[in-house]
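See structure below.
Here is the naming used below: chain letters follow the sequence lines, and residue numbers restart at 1 for every chain. Quantities reported herein were computed from a predicted structural model and do not represent experimental measurements.
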Protein chains: 2
Amino acid sequence: MKQKITLKHIAKELQVSISTVSKALKNSEEISRDTKEKIQAFAKLYNYKPNNIAISLKNKRTKNIGVIIPDIVHHFFTTVVRGVEKYANTKGYNVIVCLSDESFDKEVINMEMLANGSIDGFIMSLSSDTQLKGDYNHLKEVIEQGIPMLLFDRITNEVDCDKVIIDDQMGAYLATQKLIDEGRKKIALVTTEDYLSVSRERKTGFVRALKDNHMEVQEQYILQMPTMGMEEKPFKNFFDSVEVDAVLCVNEIFAISGMRYLKSKGKRIPEDVSFIGFTDGLLSKYANPSLTAIDQHGEKMGEAAAEILIEKIESELEEPSFKTKILSPTLIERDSTIN
Amino acid sequence: MKQKITLKHIAKELQVSISTVSKALKNSEEISRDTKEKIQAFAKLYNYKPNNIAISLKNKRTKNIGVIIPDIVHHFFTTVVRGVEKYANTKGYNVIVCLSDESFDKEVINMEMLANGSIDGFIMSLSSDTQLKGDYNHLKEVIEQGIPMLLFDRITNEVDCDKVIIDDQMGAYLATQKLIDEGRKKIALVTTEDYLSVSRERKTGFVRALKDNHMEVQEQYILQMPTMGMEEKPFKNFFDSVEVDAVLCVNEIFAISGMRYLKSKGKRIPEDVSFIGFTDGLLSKYANPSLTAIDQHGEKMGEAAAEILIEKIESELEEPSFKTKILSPTLIERDSTIN
DNA sequence: TTGTACGCGTTATCAG
DNA sequence: CTGATAACGCGTACAA
């Protein structure tokens, strides 16, 4: 087993001091050509690579960024991670991914683990538990310590930091307007509970579009789904009790499940009922009919987040100047709406 | 801005030596009650937490494990990552995720970045590029250095290390047998190019099942898809030229796309043609008809991988005793086959 | 041109 | 009971 070689080994082997080796490997002018060549050759031969940990300790820079997301088996979040990775790697950063699993406690634990020197900055999206609880002290503490922090997608106004979001209101507005333009009159919204920031925004956009078109907002057309998983029954109750001709869903799964139920009731899509869903993931593309969707541009979001965060890390100015970047969503028309 | 506090700060503030503080915080018997209480109170007040990096340097243990996967916007890999995270966190480890993006070069770069002290061990699945190239020197070098390494799913026999896979042959066999039991006679296999280890295995299982049932293996029933993405044309060519009554696909996307095309040709599923796909992801569940699938138990795989790797990391014996854990796949019957 | 000494934050050993 | 010292691996200001 070829143990990792250190400056010390090289120094001893070549009968010079450690600092000479260090300088030689940085091609310092201070060192004679001969010595440099000898040392560099030796280093290459034994494949010397500086130890990241030692450098981190010295520089107080780890070149790691911590990403905390609620779930990883999730199309949108993974596209964001991919974007973060992509940009971070070009800047020589690694990405440490931690999952909060939608739990406040795990979010706190993970942040504490990472905050003790493991990372130079955070990119995160709040767990639903945290948003429900409304307790953001763990974020505030980290920020207090001077660790750069960026929130994306699921954010809160209660903490001051950089943010990247898509314009969820606009997404919902676009979608709703599209349905109205099709001539739909009874448009339903299928959403989650209100404490998720994104759901609130989407609902606002939905309502605004209706009002702008002088349509009435009827609470009975709004279905608030309980926690994910059991979709069958709520849909049944809802669609059996109200007659709709269009449905906007805050995620793909709701849309697919909704379409399935209505089709089983003999409705034709999109002739009888149009569907639009948030998050343009795999399901939207491969659904039958394929689903018209709001693309949230996760990868771009991740890249933007990484760019902003890394800039902040490397600028190290004390100024608390935070920006919120708002990306625009796009409507991708497929077969669940009428062209 | 409340800077992170160190032992040194505490020592200075309390007029004691650094080592006294260190010991006091570890509740050492050597330190008097009074001093300990004073120091512990102070530490708690200022929320002292030891610096991970310094500890890593000292212990030569980072408590990080590196996970390198070809793609993260991918249901199977994310379930594995989730399993790894889950187990690793219970053992106090963080997970550093790097993406090879199916590229040999990125795989090498990422491994080198992580191998210089950032992680205590690797869990990885080979990029297709690497499998195509057949060059595993980067893995061998890392293993040479004594860094524990575990391969999962996309593995190779050319490197000696721990491995976790599902029995892909068995999965394909199970699926094929199911189709045969339904009375299908013209069973197609839709797969990728042969250099992916998993595809090879699945093909072998498919062939074996046919032979065991005294059925002829006909090359014309095997469709080798080019790289992912453009599914339309190859399917058209294939299904227009051969008549089949069942299809086994090595992934969900192929299955969904295949079903779609055949439905567009007026075939009924599963009455005219049965479908089974590998990887029980979202698409399988929500497809129409829902897809009978081989569950690869990604999360279990991740947990098993993390368990084996961490055990190896913490046992630090020199013995090169490597095991290969083989998980059994499960057939999940849905509506694309006949019950 | 090369080497010494120090510091990053921690722990362990040993001396007082 | 407490403190000084060395060590982990590296970089660098300063001394030789």
Side chains of B:Asp120 and B:Thr62: any donor to acceptor distance under 3.5 Å?
yes
Looking at A:Lys58, I'd like to know whether one of its side-chain N or O atoms comes within less than 4.0 Å of OP1 or OP2 on D:dT12.
no
Would you confirm whether A:Glu158, through its side chain, and A:Tyr136, through its main-chain N or O, come within 3.5 Å as a donor-acceptor pair?
no
What is the distance, to the nearest angstrom, from the CD1 atom on B:Ile39 to the P atom on D:dT2?
8 Å
With the threshold set at 4.0 Å, does a side-chain nitrogen-carboxylate oxygen contact exist between B:Lys325 and B:Asp162?
no
Rounded to the nearest angstrom, tell me the gap between atom CG in A:Asp34 and atom P in C:dT2.
8 Å
Is the distance from OP1 or OP2 of C:dG9 to the nearest side-chain N or O of B:Tyr48 less than 4.0 Å?
no
For C:dT10, does either OP1 or OP2 sit under 4.0 Å from a side-chain N or O belonging to B:Ser22?
no
Any side-chain N or O of A:Lys23 below 4.0 angstrom from OP1/OP2 of C:dT1?
no
Closest nucleotide of DNA chain D for A:Ala54 versus for B:Thr35: which of these residues is on the 5' side?
B:Thr35
For the residue pair A:Phe76 and A:His74, categorise the inter-ring angle as parallel (less than 30°), tilted (30 to 60°) or perpendicular (more than 60°).
perpendicular
Of all the choices, C:dT11, D:dC10, D:dC8, which nucleotide is nearest to the side chain of B:Leu7 once you look at every atom?
C:dT11
Does C:dT2 have OP1 or OP2 under 4.0 Å away from a side-chain N or O of A:Ser32?
yes
Could you give the CD1-to-C1' distance, from A:Ile10 to D:dG9, as a whole number of Å?
12 Å
Whole Å only: how far is the CD1 atom of B:Ile31 from the P atom of D:dC1?
9 Å
Checking all strands, does B:Ile55 fall into the base, sugar-phosphate, or nothing category for heavy-atom contacts under 4.0 angstrom?
sugar-phosphate
Whole angstrom is fine here: how far is it from CG in A:Leu57 over to C1' in C:dC6?
13 Å
Using whole Å, report how far CD of A:Gln15 lies from C1' of C:dG3.
14 Å
So does B:Leu99 get a backbone contact from the side chain of B:Asn110, meaning a donor-acceptor N/O pair under 3.5 Å?
yes
Counting only side-chain N and O atoms of B:Lys26, is one of them less than 4.0 Å from OP1 or OP2 of C:dT11?
yes
Integer-rounded Å distance: D:dC10 C1' and A:Ile5 CD1
15 Å
Quick one: which of D:dG9, C:dG3, D:dA4 gets closest to the side chain of A:Ser17?
C:dG3
Rounded to whole Å, how long is the line connecting atom CG of B:Leu25 with atom C1' of C:dT11?
12 Å
Does D:dT2 have OP1 or OP2 under 4.0 Å away from a side-chain N or O of B:Ser19?
no
Walking DNA chain C from its 5' end, the first of A:Lys60 and A:Glu30 to be reached, judged by nearest nucleotide, is A:Glu30
